[in-house]
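Shown next, in structure tokens, is the structure this report addresses.
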Amino acid sequence: MLLPNRMHMRPAQFVRIPVEALFGAALLVTLPRRWRLLAAWVCGLGLGALTVLNFFDMGFYEFLGRRFDIVIDWALLGDAKSYLNDTLGKGGTTAVLLGALVLVLVLIVLIALAVVRLGELLARHRHTTGRTLLILSMVWMVCAVLGLRIDGVPLASQHSIALARSRAEAVRDTLRDEREFAKTAKADAFGNTPPAQLVPDLRGKDMMFTFIESYGRSAIEDPVMAPGVNKTLAASTEALAKSGFHARSGWLTSATYGGSSWLGHSTFLSGLWIDNQNRYRTVTNSDHLSLTKAFRKTGDWDTVGIMPGVQKGWPEAKFYGLDKVYNAFQMGYEGPKFSWSTMPDQYALEAFQRLEHGKKRDKPLMSEIILTSSHQPWAPVPKMVDWDEVGDGSVYDSIEKAGKRPGDVFYDSTKVKQEYGRSIQYSVTALTQFLQRYGDKDTVLVFLGDHQPVAKVSGDGADHQVPVSIVAQDPKVLDKIADWHFTEGLRPAKDAPVWRMSSFRDRFLTAYGSTPHPSKG
């Protein structure tokens with residue numbers, strides 16, 4: 001009844017008087033035995049279920065920075081299983097899942113049995129129970145009236161009642177949000193814009209929209225990761241300048257944290273705030289104009305997706321306006337997986353060059369690219385190799401074998417930060433070297449992080465901000481966003497503008513000459 005729903009606990013949280021216990025004991029001691037047993041089982045099972053949900057909350061707060069939503073978050077358990085498969089293997093995953101299932105069942109049953117046993121004990125000692133309840137109730141009321149606390153925690157507790165009430169309110173809010181968001185998604189400032197009036201100032205440009213997994217503000221500002229990451233950003237900015245490229249950078253506030261990258265991708269590209277799975281399903285099944293689909297709608301671009309993290313059917317390609325999608329199994333990779341990441345970013349980019357970017361074509365290319373080497377658990381981390389030696393990926397066998405193992409890194413707060421920083425350095429280096437090697441005066445790169453890394457890396461209470469950069473050789477491209485007041489180079493300044501990620505689509509479309517023609521649904 002006093003168990004918090006976050007990992008960080010204090011002893012004071014467990015020395016309070018729970019009012020639920022007082023009401024429960026009073027109920028059990030007054031009921032006839034038959035009804036007492038029924039009530040004890042019902043209350044025990046309910047308390048067991050609430051305890052399990054508290055553990056779910058702990059995990060969600062630790063990895064995603066939010067509580068578990070009992071309406072929509074069950075779908076994420078499949079992704080959790082896939083992640084375990086990639087990091088522990090099928091045998092380890094099966095053992096973990098069976099262990100978790102047994103633990104949940106045992107926990108619920110044991111709590112229920114404990115309540116039944118306690119009910120019988122209270123009934124056998126009615127007079128002692130009655131006097132004890134009277135005294136504890138008076139103490140509880142005095143503590144509540146006087147607001148007495150220990151270590152900042154109220155001694156008079158209503159913890160379980162408050163949690164149950166908040167969960168009921170969350171269910172109601174989720175269901176209401178689902179109905180209201182469906183209407184919101186149908187309204188679009190550029191929904192009826194004619195093709196000729198979409199991004200006219202980018203005609204003839206090869207557009208690259210690239211997400212770097214878990215590339216958050218903490219990578220640039222945390223004292224453990226920042227020195228290496230900022231050195232890489234500075235060196236990459238200088239190297240790009242020598243190749244004629246210049247950059248402008250700012251901050252975006254992501255709709256997700258720690259994971260659920262697809263929520264960040266869809267928020268950035270749809271111009272809508274997609275912070276849960278229901279909203280994601282709603283928008284990706286709608287006709288709402290995504291930023292990438294806007295290029296396809298013009299008819300002046302070929303569109304392609306490079307998705308090394310996709311390992312099953314991906315119907316969302318239609319929403320993103322992608323003519324062709326290359327998943328993890330369609331890029332010819334014969335090397336090892338790097339934990340969750342199916343292939344190093346350098347290989348994915350070289351495959352993009354070989355399969356699409358380097359081909360002669362009648363139209364410019366618009367690509368959406370998801371780079372995954374900086375995905376947790378950040379071990380082993382790939383290393384850059386000579387671009388001419390990438391081949392089919394076999395060159396990475398020795399690199400993967402020599403790398404650190406997830407178990408040796410993820411549970412050490414210093415090591416995991418160091419390896420996370422290395423992974424971001426690798427991803428940024430691979431992307432910027434690709435641009436130097438294969439880009440030209442008509443190449444425009446927009447790249448950003450999809451969310452901050454988990455709290456173990458970014459810290460408790462970290463913001464949801466991620467860097468975003470626009471890189472081009474043509475000075476007219478960057479002149480169009482001069483009024484954004486972004487920082488020169490790949491590293492956004494501390495005081496650079498911070499926008500909600502959902503605002504980027506409309507700002508970008510407007511900056512490059514698109515004319516709003518709203519659709520109201």
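Position 1 is the first residue of the sequence; numbering continues from there.
Counting heavy atoms from C-beta outward, V416 and D412 have side chains that stay 4.5 Å or more apart. Considering only heavy atoms from C-beta on, L322 comes within 4.5 Å of M307 through its side chain. Residues M343 and M331 form a side-chain contact, since some pair of their non-hydrogen atoms from C-beta on lies under 4.5 Å apart. Side-chain contact between R491 and T237 is absent, with no heavy-atom pair separated by less than 4.5 Å. Proximity of H517 to F190: side-chain heavy atoms (C-beta onward) are nowhere separated by under 4.5 Å. In this structure, the side chains of W251 and P497 stay at 4.5 Å or more apart for every pair of heavy atoms. The side-chain heavy atoms of F319 and N285, taken from C-beta on, include no pair separated by under 4.5 Å. With a 4.5 Å cut-off on side-chain heavy atoms, Q436 and F245 do not count as touching.
A salt bridge links E419 with R422: the closest approach of a Lys/Arg side-chain nitrogen to an acidic carboxylate oxygen falls below 4.0 angstrom. Ion pairing of K337 with E400 is absent here, as no side-chain N (NZ or NE/NH1/NH2) approaches a carboxylate O to less than 4.0 Å. The existence of a salt bridge linking D408 and K415 is excluded, since no basic side-chain nitrogen approaches an acidic carboxylate oxygen closer than 4.0 Å.
Under the 3.5 Å distance criterion, the side-chain polar atoms of S236 are matched with a main-chain donor or acceptor of T232. S423 places a side-chain N or O within 3.5 Å of a backbone atom of Y420 that can act as its donor or acceptor partner. Looking only at distances, no side-chain donor or acceptor of T510 sits under 3.5 Å from a matching main-chain atom of R507. Of the possible donor and acceptor atoms, none in the side chain of D222 sits under 3.5 Å from a partner among the backbone N and O of S218. Remark: side-chain polar atoms of Q473 are paired, donor with acceptor, to backbone N or O of S243 under 3.5 angstrom. Side-chain atoms of S458 come within 3.5 Å of backbone N or O of P453 as a donor-acceptor pair. For the pair Y411 (side chain) and P406 (backbone), a donor-acceptor distance under 3.5 Å is absent. Under the 3.5 Å distance criterion, the side-chain polar atoms of S514 are matched with a main-chain donor or acceptor of L509. For S503 (side chain) and R500 (main-chain N/O), a donor-acceptor pair under 3.5 Å exists by modelled atom type. In this structure, the side chain of K359 engages the main chain of L355 through a donor-acceptor pair within 3.5 Å.
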Inset, instruction - Could you please spell out the steps behind the side chain to side chain contact (heavy atoms under 4.5 Å, CB included) verdict for L269 and R505? - result: CA-CA 6 Å; L269 295 173; R505 188 205 71 158; over 6 Å; no
Inset, instruction - Determine, stepwise, if the pair Y333 / Y347 fulfils ring pair (Phe, Tyr, Trp, His ring centres under 6.0 Å). - result: CA-CA 8 Å; Y333 184 64; Y347 180 89; 4.8 Å; yes
Could you list the donor-acceptor pairs under 3.5 angstrom formed between side-chain atoms of residues 291-305 and any protein atom two or more places apart in sequence or on another chain?
from, atom 1, to, atom 2, distance (Å)
T292, OG1, S290, OG, 3.4
T292, OG1, Y320, O, 2.8
K293, NZ, H288, O, 3.4
R296, NE, D323, OD1, 3.1
K297, NZ, T193, O, 3.0
T298, OG1, F295, O, 2.6
T298, OG1, D300, N, 3.1
D300, OD2, R203, NE, 2.7
W301, NE1, K205, O, 2.7
D302, OD2, R361, NH1, 2.9
T303, OG1, G321, O, 2.8
T303, OG1, D323, N, 2.8
T303, OG1, D323, OD2, 3.0

If you look only at distance, which donor and acceptor atoms sit under 3.5 Å apart when one is on a side chain in residues 378-391 and the other is two or more places apart or in another chain?
from, atom 1, to, atom 2, distance (Å)
W378, NE1, S374, O, 2.5
D386, OD1, D388, N, 2.8
W387, NE1, Q433, OE1, 2.9
D388, OD1, R437, NH2, 2.6

Return all side-chain donor-acceptor pairs below 3.5 angstrom for residues 477-487, not counting sequence neighbours, or 'none' if the list is empty.
from, atom 1, to, atom 2, distance (Å)
K480, NZ, D201, OD2, 3.2
H485, NE2, D483, O, 3.4
T487, OG1, A493, N, 2.9

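The side-chain contact (heavy atoms from CB on, under 4.5 Å) test with V471 is passed by exactly one of L490, T443, V446: L490. When each of F508, F504, W273 is tested with F268 by the rule ring pair (Phe, Tyr, Trp, His ring centres under 6.0 Å), just one qualifies, namely F504. Shown are T432, I470, L431, D206; of these, the side-chain contact (heavy atoms from CB on, under 4.5 Å) with L445 is made only by L431.
Contact detail for A472 and V444: the closest heavy-atom pair is CB-CG2, 4.2 Å. Contact between L289 and L198 at its shortest, heavy atoms only, is CD2-CD2, 4.2 Å. Annotation for V283 and S270: closest pair CG2-CB, 4.2 Å, computed over non-hydrogen atoms. Taking both residues in full, the closest heavy atoms of S249 and A496 are given as O-CB, 4.2 Å, listed atom of the first, atom of the second, then distance. Taking each heavy atom of T342 and P308 in turn, the nearest pair found is OG1-O, 2.5 Å. The two residues P492 and I220 come nearest to each other via the heavy atoms CD-CD1, 3.9 Å.
Between the side chains of S427 and D345, at least one donor N or O lies within less than 3.5 Å of an accepting N or O. For the residue pair Y280 and E316, a side-chain donor N or O sits within less than 3.5 Å of a side-chain acceptor on the partner. Checked by atom type, the side-chain pair H451/E213 shows a donor-acceptor distance below 3.5 Å. Side-chain polar atoms of D397 and S394 form no donor-acceptor pair below 3.5 angstrom. Side chains of Q277 and W262: a donor on one and an acceptor on the other come within 3.5 Å. S367 and E356 form no side-chain donor-acceptor contact under 3.5 Å, judged by distance and modelled atom types alone.
Distance CE/M208 to CD1/I306: 9.5 Å, rounded to 0.5 Å. Distance check: Q452 CD to S214 OG gives 9.5 Å after rounding to the nearest 0.5 Å. Note that CD1 of I212 is 11.0 Å distant from OG1 of T372, once rounded to the nearest 0.5 Å. Rounding to the nearest 0.5 Å places CG of L448 at 8.5 Å from OG1 of T210. How far NZ of K231 is from CD of Q425: 8.5 Å, rounded to the nearest 0.5 Å. The OG1 atom of T515 lies 4.0 Å from the CD atom of Q197; values are rounded to the nearest 0.5 Å.
Under the ring-ring contact (aromatic ring centres under 6.0 Å, His included) criterion, F68 pairs with F56, F60, W74, sequence neighbours left out. For F434, the ring-ring contact (aromatic ring centres under 6.0 Å, His included) partners two or more places apart in sequence, or in a different chain, are F352, H357, Y438.
Counting only residues at least two apart or in different chains, ring-ring contact (aromatic ring centres under 6.0 Å, His included) contacts with residues 454-482 comprise Y257-H464.
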